[in-house]
4 protein chains.
Amino acid sequence: MQRMTRAQQQQQTKEMLFTAAMEQITKFGFEKTSINSITEAAGFSKGAFFSNFENKYDLLLQLTEKLKDEERTLLKSSLNINDKKHTISTNGLNAYFDHIKNNTACVILDIEMQLIASRDPQFKSFYYQFQQENNKALGEIICKVFAFKGVKPSLSPESLAQIFIALTEGLLLQNVDNPGKQIKAILEALIEKDNKNLK
Amino acid sequence: MQRMTRAQQQQQTKEMLFTAAMEQITKFGFEKTSINSITEAAGFSKGAFFSNFENKYDLLLQLTEKLKDEERTLLKSSLNINDKKHTISTNGLNAYFDHIKNNTACVILDIEMQLIASRDPQFKSFYYQFQQENNKALGEIICKVFAFKGVKPSLSPESLAQIFIALTEGLLLQNVDNPGKQIKAILEALIEKDNKNLK
Amino acid sequence: MQRMTRAQQQQQTKEMLFTAAMEQITKFGFEKTSINSITEAAGFSKGAFFSNFENKYDLLLQLTEKLKDEERTLLKSSLNINDKKHTISTNGLNAYFDHIKNNTACVILDIEMQLIASRDPQFKSFYYQFQQENNKALGEIICKVFAFKGVKPSLSPESLAQIFIALTEGLLLQNVDNPGKQIKAILEALIEKDNKNLK
Amino acid sequence: MQRMTRAQQQQQTKEMLFTAAMEQITKFGFEKTSINSITEAAGFSKGAFFSNFENKYDLLLQLTEKLKDEERTLLKSSLNINDKKHTISTNGLNAYFDHIKNNTACVILDIEMQLIASRDPQFKSFYYQFQQENNKALGEIICKVFAFKGVKPSLSPESLAQIFIALTEGLLLQNVDNPGKQIKAILEALIEKDNKNLK
DNA sequence: AATGAATGAGCGTTCATTCAT
DNA sequence: AATGAATGAACGCTCATTCAT
């Protein structure tokens, strides 16, 4: 078996730090999460952190990028499901739902990031550069659900995505048990309304 | 002119601290807001804080109570508008909308509080004890809007309130320009759907 | 029944503060005892303290004076017992022993004061002005015990008093169960020795 | 010349902090000694303290252990002097006396510790676990002095040690000039008394 | 005389960051 | 690359003290 190269080893360290950081920040919030607690949770010493990140803010940026990248990948693959299978068209959305249900951590993290963005203009533009792209993909998926029912949405794809996210995050924040139920109800209502108005 | 009594003076100090605390916490978040920055913003010394609050956590509790109380008062008076004037029934909701539009600070604060609640069980039960009551009032208002259109909502009042709040907070978090437009669209869609199903 | 005069009322307040101060300082030490804890224990507010004492250091001085005065009174009356009754001559000492046994608080306080004196020259001279006089009285009492056995002590009265106090405080500091037993053993040994050498 | 390893360097830092802590606590008492004053006196920043001690209480524990260990070492070596040289048997005691005379700081510190122990049950048991062992060694030494004179002490070794310490600390607390003189007088008296009673 | 809100210096502690190893 | 001792600013909080009432 081949040994890992230095670069691979460091990459692994970084992954472990990312994982630990996500856990800790989800649990305690960005401000209350200390670098020490992250590295210790990852099984390293403080030094490992500063070998992999410039500072705590840099971790925030890289973590944001990483999470948004993963989200984008997920959304893109969800789009493909819709495109390829042409089956019950909410599949793509369902995959995204499932992901969210199993990853409330990500939702909490996203809220945390948006709160930080609301206070830090520099981070705001950084965050929304990723967010916009993902919103477009999510908007497309939702439009496909409309399209499957033969309805052209009166709201823009971007608007639909924002509504979808707002509901997901807003309901989770309120500790609502089964947010998916309510989100689907709203989606159906919107589709019905646009369907009726079309005629 | 009568001088203020000492109790009145202290009350005034406390109000000023509350105001400063709201501003600072909205701007920087609860964790990043130092007691010093609050008292300085209010024009007092650090000690004034501890004459009025037991500790920083106590401020959080009292601020929560105060905001939720004010929210409840606003909601109750919005309900009265609906009851008394019998005019375009969305008035009550509009008043609430206006309030929110002019008080994004309150929305940000509420999100902050919900995030803290998601991490601190003690605060969670404290927060939701107020939230529940306000949700009931908000749910009633929304039901009146349905009722004005002669529609009985299929979703529970509580659910409707949660949806409403989720949209308000979730869209604001996403920096959406005119959340009211989208929220009204959804409300209409829900009413139309329930109206149709009724027949 | 006559009401208390203002002066009497204040004197009573001061007594209560003294009592509370002794308790708190014994329990927690002078540094760790806050003025607040004293006044609260006495059932007053902080303000009462500063109406009766200039500052915390002033309390230390007045408390020292008070305790040393009471000690002197006790010692003087013990001397009188010896003088008048001519009975078992250790009576005077016994009275002092009993007092100490029932007032370990005073011993702890005395140690606390001596420690402060060892660090604060100003307090040192204040403390030892009282201490010297009391030592003389205590030395006299011990000499009477010697005299009763017909022995002239080779150590000075002052030395004997110092030894006596050192043993009392030193053994209590070590948490020794029955210090009186050991102190008496030493006293007897000293008497015997001086008795033998006399012959 | 070899550079110091990091462990050695930290050990040196810790020693310097210990030394500074002893000086400051002796001068000002444990409560009035701030961590800042300790580290500054040692030539470090505040942070160095927390790299070497968990908190201020931890310093107290470690300082206690260190002082009691040194004391034990001194006592053990004093015992050896007696055993090996078989000369004037008070040598061992004299060595201890000399140590005390040159280290009034240690005596003051011991009194401080005992006062703390009298108020803090947790520290009490910590302190007395060391104190007991040292008392045994000191008691043995004193017994050897008795033995040299052919006398079997009527008081237990532990009692003798307690008396010895009580006198040392109690006389120093009273600012007595030459405590050794009085302590030796008492020791002689006890030996004479037991010698006489033996016959 | 007594109250207690307000002051502000100072405390113990945390923590992001640096850097010699 | 990773360690972790040391730095030092900042934090939450305590407390002796002041003073208007």
Side-chain angles (χ1 to χ4, degrees), chain A residues 6-7 9-14 31-39 43-59, chain B residues 3-7 9-14 31-39 43-57 59, chain C residues 6-7 9-14 31-39 44-59, chain D residues 3-7 9-14 17 31-39 43-57 59:
Chain A
R6 284 267 178 106
Q9 260 185 35
Q10 192 173 7
Q11 191 51 39
Q12 196 190 26
T13 300
K14 199 165 181 172
E31 287 306 327
K32 287 204 86 170
T33 297
S34 73
I35 287 166
N36 215 17
S37 79
I38 293 172
T39 51
F44 293 96
S45 77
K46 249 187 304 240
F49 183 92
F50 288 96
S51 293
N52 283 281
F53 304 97
E54 255 180 56
N55 48 41
K56 204 186 175 187
Y57 190 73
D58 182 39
L59 164 70
Chain B
R3 285 261 196 98
M4 266 195 280
T5 67
R6 284 180 112 214
Q9 258 186 35
Q10 193 180 9
Q11 192 50 41
Q12 195 188 27
T13 301
K14 198 165 181 173
E31 286 306 327
K32 286 204 87 171
T33 296
S34 73
I35 287 166
N36 214 14
S37 79
I38 292 172
T39 49
F44 292 96
S45 76
K46 215 187 313 203
F49 182 91
F50 291 97
S51 289
N52 284 281
F53 303 98
E54 256 182 55
N55 49 40
K56 203 187 176 189
Y57 189 73
L59 164 69
Chain C
R6 282 268 178 105
Q9 260 185 36
Q10 193 174 5
Q11 191 51 39
Q12 194 189 26
T13 301
K14 199 165 181 173
E31 286 307 326
K32 288 203 85 172
T33 297
S34 72
I35 287 167
N36 216 15
S37 78
I38 293 172
T39 50
F44 293 96
S45 77
K46 250 188 302 241
F49 182 91
F50 288 97
S51 292
N52 283 282
F53 304 97
E54 254 181 57
N55 48 39
K56 204 187 176 187
Y57 189 72
D58 182 39
L59 164 70
Chain D
R3 286 262 196 96
M4 267 195 281
T5 67
R6 284 180 110 216
Q9 259 185 35
Q10 193 179 9
Q11 192 50 40
Q12 195 188 26
T13 301
K14 199 166 181 173
L17 289 173
E31 286 306 327
K32 285 203 87 171
T33 296
S34 74
I35 286 165
N36 214 13
S37 78
I38 293 172
T39 50
F44 292 96
S45 76
K46 217 187 311 205
F49 182 91
F50 290 96
S51 291
N52 284 282
F53 303 97
E54 257 181 56
N55 48 41
K56 203 187 176 188
Y57 189 72
L59 165 69

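All values derive from a computational prediction rather than experimental measurement. Residue numbering restarts at 1 for every chain, and letters A, B, ... go by the order of the sequence lines.
- Whole-Å rounding puts the F53(C) CZ to dT18(F) C1' distance at 18 Å.
- Looking at heavy atoms from C-beta onward, I35(C) lies out of side-chain contact with L59(C) at the 4.5 angstrom threshold.
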Starting at the 5' end of nucleotides 8-15 of chain E, put B wherever the base has a protein heavy atom under 4.0 Å, S where only the sugar-phosphate does, and a dash everywhere else.
-> B-BSSBB-
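- Under the ring pair (Phe, Tyr, Trp, His ring centres under 6.0 Å) criterion, F53(B) pairs with F18(B), F49(B), sequence neighbours left out.
- Applying the ring pair (Phe, Tyr, Trp, His ring centres under 6.0 Å) test to F44(B) and every residue at least two apart in sequence or in another chain returns nothing.
- Look at T13(B) and you'll find a side-chain N or O under 4.0 angstrom from OP1 or OP2 of dA6(E).
- Atom pair K14(C):NZ and dA2(E):P shows a separation of 11 Å (rounding to whole Å applied).
- Applying the side-chain hydrogen bond (donor to acceptor under 3.5 Å, both in side chains) criterion to Q10(C), with sequence neighbours excluded, gives N52(C).
- To the nearest angstrom, C1' of dT17(F) lies 14 Å from CG of L59(C).
- Separating the CD atom of Q11(C) from the P atom of dA1(E) is a distance of 13 Å, rounded to the nearest angstrom.
- Atoms CD and CZ, from Q9(D) and R6(D) in turn, are 8.0 Å apart once rounded to the nearest 0.5 Å.
- Taking atom CG of N52(A) as the reference point, atom P of dT3(F) lies 10 Å away to the nearest angstrom.
- Put simply, CG on D58(A) is 14 Å from C1' on dT17(E), counting in whole angstrom units.
- Remark: DNA chain F takes part in the stems E:2-21 with F:2-21, each of 3 or more antiparallel Watson-Crick or G-U pairs, criterion distances under 3.5 Å.
- Across K56(B) and E31(B), no two heavy atoms sit closer than the pair NZ-O, 3.5 Å.
- Partners of D58(C) by side-chain hydrogen bond (donor to acceptor under 3.5 Å, both in side chains), not counting sequence neighbours, listed by chain and number: Q62(C).
- In the set dT3(F), dT3(E), dA6(F), the nucleotide with an atom closest to the side chain of Q10(D) is dA6(F).
- A distance of 4.5 Å separates NZ of K46(D) from CG of N36(D), quoted to the nearest 0.5 Å.
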